[in-house]
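Structure first, commentary second.
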2 protein chains.
Amino acid sequence: MTTEFRFAVNVTPKPGILDPQGRAVESSLGHLGIDAVSAVRVGRRVELTVAADGESAARAVVERLASELLSNPLIEAFAIEAIGATSSTVGAPG
Amino acid sequence: MTTEFRFAVNVTPKPGILDPQGRAVESSLGHLGIDAVSAVRVGRRVELTVAADGESAARAVVERLASELLSNPLIEAFAIEAIGATSSTVGAPG
């Protein structure tokens, strides 16, 4: 039986890698009168649905996609987050 | 006492809003031989550190920043995620 799983892939610049978008956010903070924010890093978040027989098979597809298409392994790290099975039937009595 | 809290702001295109980056990812899937992936949405993930007296004060700063600087409320939704206090001292015996 095939179930659809929803995942998010969070792609962030590796530590030490220049992050111009993060610097741009930091330099905008003064205009908003916010001075307590630091260490801003800007990355991407990709949400997607995978149809697979089980969560481990689905996660394997996402891992391949994250490393081959969604991130640049030289400068970016990624983390995979399960955000729920979208079409499995889970009984919740009561 | 001021503690530093680390948050992530996940910014995603609202449902129904055109997502050209998501379409681009979907059309690349065929080249990788992946056919079980659908409903791809591409957004941003901003990670930042806030110095505040408590988590609720820190979260209020992040909410303001997310709505005024990090997202476009017409076409994007955001979700705030706490990813741990970075400099509080938490005792962990053993």
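Lettering follows sequence order; numbering is per chain, from 1.
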Within residues 30-39 of chain A, the residues sitting under 4.5 Å from chain B by heavy atom, in sequence order, are A:Leu32, A:Ile34, A:Ala36, A:Val37, A:Ser38, A:Ala39

Counting heavy-atom pairs under 4.5 Å with chain A, the top scorer among B:Val11, B:Leu70, B:Val9, B:Leu69 is B:Leu69

- [ ] Please determine if A:Glu47 and A:Arg45 form a salt bridge, counting it only when a charged side-chain N lies under 4.0 Å from a carboxylate O.
- [x] yes

Here the pair of heavy atoms bringing B:Ala51 nearest to B:Thr2 is CB-CG2, 3.7 Å

In terms of heavy-atom contacts, B:Ala58 and B:Phe5 come closest through CB-CD1, 3.6 Å

To the nearest 0.5 Å, atom CG of B:Leu48 lies from atom CZ of B:Arg6 at 6.5 Å

Note: A:Ser67 and A:Pro73 closest approach over all heavy atoms is O-CD, 4.3 Å

Within residues 13-29 of chain B, contacts to chain A at heavy-atom distances under 4.5 Å involve B:Val25, B:Ser28, B:Leu29

Heavy-atom closest pair (A:Ile80 atom, A:Phe7 atom, distance to 0.1 Å) is CG2-CD2, 3.7 Å

Point to revise | Any donor-acceptor N/O pair, B:Ser71 side chain to B:Ala66 backbone, under 3.5 Å | key: yes

